[in-house]
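Throughout, protein chains are lettered first and strands after them, A, B, ... in sequence-line order, and every chain is numbered starting at 1.
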Amino acid sequence: MSKLQPVRGTRDLLPDDSRRHRLVVETARAVAECYGYGEIETPIFEFTEVFKRTLGDTSDIVTKEMYTFSDRSGEQITLRPENTAGVARAFISGGLGQRLPLKFFYAGPMFRYERPQKGRLRQFHQVGVELLGVAEPLGDIEVIVLGAHVLEKLGVLERTTLELNTLGDRESREAYRAKLVRYLTARQSELSDESLARLERNPMRILDSKNERDRAVVAEAPSIPESLNEASARFFQEVCDGLDRLGVRYSLNPHLVRGLDYYCHAAFEFTTEALGAQGAVLAGGRYDGLIETMGGPPTAGVGWAAGIERLSMLRDQTPPAPRPIALVPIGEAGEAKALELAHKLRHAGYAIELGYRGNLSKRLKQANKLGAAAAILLGDDELAQGSATLRDLDSGAQESVPLDALADRLARYR
RNA sequence: GCGGGCGUAGCUCAGUCGGUUAGAGCACCAGAUUGUGGAUCUGGGGGUCGGGGGUUCAAUUCCCCUCGCUCGCCCCA
């Protein structure tokens with residue numbers, strides 16, 4: 001690496017990219033607020049333990065994807081690979097259990113040491129929501145509907161499919177898991193090497209393997225829905241009914257799973273064909289066991305996270321840059337006056353571009369490139385009458401405006 | 001972490017079956033136009049041909065390594 005380049009899997013967000021990102025974040029935040037979710041910002045790094053405990057020692061994220069280091073006092077620190085653990089930690093350390101239910105929205109960078117690909121970076125960004133303290137199906141419904149609402153506002157809902165499944169409660173889940181392991185063990189000679197490894201540490205994940213051989217085995221495997229106990233089946237039915245009533249379309253996918261142990265009941269994923277291998281755009285589920293696992297009081301939780309880069313890629317237009325007003329001095333006197341005038345107009349809330357250098361022709365040319373909506377010409381002629389020439393750069397129309405009336409006259413360019 | 005494809009100007013890409021000063025379009029800068037932008041014309045700047053090593057009289061071109069991008073696996077947002 002001789003040329004100075006960004007670290008693999010990281011990107012600079014130039015203003016155009018930044019606006020695309022911001023639109024995603026602002027849209028999600030605004031929708032979340034309609035449901036009463038307030039923004040939470042947890043630190044970008046936590047003690048490594050926080051993620052080890054929540055994600056489980058066997059997950060890929062923990063075993064090979066974390067950015068972990070020891071700081072100067074020897075603490076083991078990890079750059080957050082996801083935000084749910086941080087929120088749960090904040091819940092516990094802040095003693096927030098008194099005020100349930102709690103509804104949080106978050107946005108920010110996450111870090112995973114993965115092989116970069118389209119829609120997969122080492123520093124990437126997510127928005128997400130967490131609903132704590134609601135054990136009812138209404139919680140699952142609200143969170144899924146909120147996700148669909150965000151996608152709809154972004155204009156990408158019709159480019160995604162909502163895949164839905166349930167893992168059942170703990171009892172159903174454990175029973176199913178045991179049944180599945182028994183079945184797969186009996187047919188392990190037919191499984192891929194990867195799935196063989198998963199059979200040990202994370203058997204449920206074999207259900208969503210892309211490998212053809214695995215799929216053949218999985219097709220005949222016992223399915224989750226038929227292994228649910230009565231309470232779990234009823235719970236899931238209520239979630240489905242709620243979505244039906246609100247017209248949220250979904251397709252049941254009994255092979256959709258979450259790898260982590262604390263997940264239960266609803267598991268869902270909005271996926272798209274448009275992004276190649278990285279099809280999941282917004283995904284989540286219920287994690288009633290999580291906070292307890294971390295040493296907090298038993299607390300229900302449901303939530304999702306969405307990839308900002310992926311959402312941004314699904315949208316095709318870039319939000320336009322704001323159009324400034326160019327202030328164009330002509331001659332020395334104009335130059336001196338322009339500095340003050342720019343100051344005044346900016347304080348009045350206008351985006352003013354001072355051209356810094358060049359003659360009139362140059363500066364207009366530059367104003368044009370910046371997409372300026374109008375230009376204020378300030379030369380000896382204008383100064384003599386205490387006015388400025390206001391030129392509309394779209395129509396070319398010009399008018400003389402007294403300097404003290406300028407701020408008002410510019411209102412239509414705001 | 002594994003496998004495939006690709007790295008030539010800021011961008012999109014030609015080109016070299018190994019051979020003198022590596023090209024185009026767009027973008028950029030300047031001039032035509034010292035109080036009027038977008039168009040046009042003229043001129044100009046810009047490349048360690050991703051980096052390192054090897055083969056050769058000679059490498060941007062062939063070989064190896066490496067870095068990066070990309071597609072798939074894996075993982076997931």
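Across the strands present, B/U48 finds no partner; the criterion is a Watson-Crick or G-U wobble pair with both atom distances under 3.5 angstrom. In this structure, B/A30 forms a base pair with B/U42, meeting either the Watson-Crick or the G-U wobble geometry with both donor-acceptor distances under 3.5 Å. Nucleotide B/G18 forms no Watson-Crick or G-U wobble pair with any nucleotide shown, as no partner meets the under 3.5 Å limit on both distances. With a cut-off of 3.5 Å on both pairing distances, B/U61 has no Watson-Crick or G-U wobble partner at all. Here B/C11 sits opposite B/G25 as a Watson-Crick or G-U wobble pair (both hydrogen-bonding atom distances under 3.5 Å). With both pairing distances under 3.5 Å, B/C2 is matched to B/G72 as a Watson-Crick or G-U wobble pair.
If you check every strand for non-hydrogen atoms under 4.0 Å, A/R112 touches a base. Using a 4.0 Å heavy-atom cutoff across all strands shown, A/L282 reaches sugar-phosphate atoms only and no base atom. As judged by a 4.0 angstrom heavy-atom cut-off over every strand, A/G9 is placed among residues touching the sugar-phosphate backbone only. Here A/A283 lies in heavy-atom contact (under 4.0 Å) with sugar-phosphate atoms only. Residue A/G128 is classed as having no contact, given no heavy-atom separation below 4.0 Å to the nucleic acid. Across all strands, A/I308 comes closer than 4.0 Å to no nucleic acid atom at all (heavy-atom distances). Within the 4.0 angstrom heavy-atom criterion, base atoms lie near A/L121. Within the nucleic acid shown, A/E309 has no heavy atom closer than 4.0 Å to any nucleic acid atom. Counting any heavy atom pair closer than 4.0 Å across all strands shown, A/Q398 reaches a base atom. Here A/G396 lies in heavy-atom contact (under 4.0 Å) with a base.
In the set B/C69, B/G35, B/C73, B/C73 carries the atom at the smallest distance from any side-chain atom of A/Q117. Of the candidate nucleotides B/G38, B/G35, B/U70, B/G35 has the atom lying nearest to any side-chain atom of A/T389. With distances taken from any side-chain atom of A/K118 to the nucleotides B/C71, B/G35, B/U33, the minimum falls on B/C71. Of the candidate nucleotides B/G38, B/U36, B/C75, B/C75 has the atom lying nearest to any side-chain atom of A/E65. Of the candidates B/A77, B/G1, B/G37, B/A77 carries the atom nearest the A/R310 side chain, counting heavy atoms from C-beta on. If you check B/G37, B/G1, B/C76 against the side chain of A/L364, the one that comes closest is B/G37.
Comparing A/D392 and A/Q126 along RNA chain B, the residue whose closest nucleotide (by nearest heavy atom) sits nearer the 5' end is A/D392. Along RNA chain B, the nucleotide closest to A/N359 and the one closest to A/Q366 are compared, and the more 5′ of them pairs with A/N359.
Spacing between atom CZ of A/R363 and atom C1' of B/G38 amounts to 19 Å, rounded to whole angstrom units. A/L378 has its CG atom 14 Å from the C1' atom of B/U36, to the nearest Å. If you measure from atom CD of A/E269 to atom P of B/C75, you get 12 Å, rounded to the nearest angstrom. Going from atom CZ of A/F268 over to atom P of B/A77 covers 11 Å, rounded to whole Å. B/C28 atom P lies 13 Å from atom NZ of A/K362, rounded to whole Å. B/G38 atom P lies 16 Å from atom CZ of A/R323, rounded to whole Å. At whole-Å resolution of the value, CZ in A/F270 and C1' in B/A77 are 13 Å apart. Rounded to whole Å, atom C1' of B/C76 lies 17 Å from atom NE2 of A/H125.
A distance of about 14 Å separates the C1' atoms of B/C11 and B/G47, rounded to the whole Å. Taking atom P on both nucleotides, B/C64 is separated from B/U48 by 25 Å, rounded to a whole Å. Annotation: B/A27 and B/U21 have their C1' atoms spaced 25 Å apart (nearest Å). The C1' atoms of B/G7 and B/G51 are separated by 11 Å, rounded to the nearest whole Å. Comparing the same atom, P, in B/G31 and in B/G35 gives a spacing of 13 Å after rounding to whole Å. Rounded to whole Å, the C1' atom of B/C62 lies 8 Å from the corresponding atom of B/G18. Here, B/A30 and B/U8 have their P atoms 28 Å apart, quoted to the whole Å. B/G15 sits 10 Å from B/U61 when the C1' atoms are compared, rounded to a whole Å.
At a cut-off of 3.5 angstrom, the base of B/G51 holds no donor-acceptor pair with the side chain of A/Q5. Applying the 3.5 Å distance criterion, the base of B/C69 shares no donor-acceptor pair with the side chain of A/R115. Evaluation of atom-type donor-acceptor distances gives a pair under 3.5 Å for the side chain of A/R391 against the base of B/G37.
Inter-residue side-chain proximity for A/P81 and A/F51 is flagged as met; some heavy-atom pair is nearer than 4.5 Å.
The closest donor-acceptor contact from the side chain of A/R363 to the backbone of A/A326 lies at 3.5 Å or more, if one exists at all. Side-chain atoms of A/R80 come within 3.5 Å of backbone atoms of A/P109 as a donor-acceptor pair (strictly under, hydrogens ignored). Within the 3.5 Å criterion, the main-chain N or O of A/V143 finds a donor-acceptor partner in the side chain of A/W304. Looking at A/D392, its side chain never comes within 3.5 Å of a backbone N or O of A/A397 through a donor-acceptor pair. Between the side chain of A/R391 and the main chain of A/Q398, no donor-acceptor pair closer than 3.5 Å is present.
Between A/R8 and the phosphate of B/C69, there is a side-chain N or O to OP1/OP2 separation shorter than 4.0 Å. For the OP1/OP2 pair of B/C28 and a distance below 4.0 Å, the side-chain nitrogens and oxygens of A/K369 include at least one atom meeting the criterion. Between A/R205 and the phosphate of B/C74, there is no side-chain N or O to OP1/OP2 separation shorter than 4.0 Å.
Checking A/L406, A/D408, A/I376 one by one against A/V401, the side-chain contact (heavy atoms from CB on, under 4.5 Å) holds for a single residue, A/L406.
The closest side-chain donor-acceptor pair between A/E382 and A/T389 falls under 3.5 angstrom.
Ion pair A/R89/A/E46 flagged as a salt bridge, since at least one NZ, NE, NH1 or NH2 atom sits closer than 4.0 Å to an Asp/Glu carboxylate oxygen.
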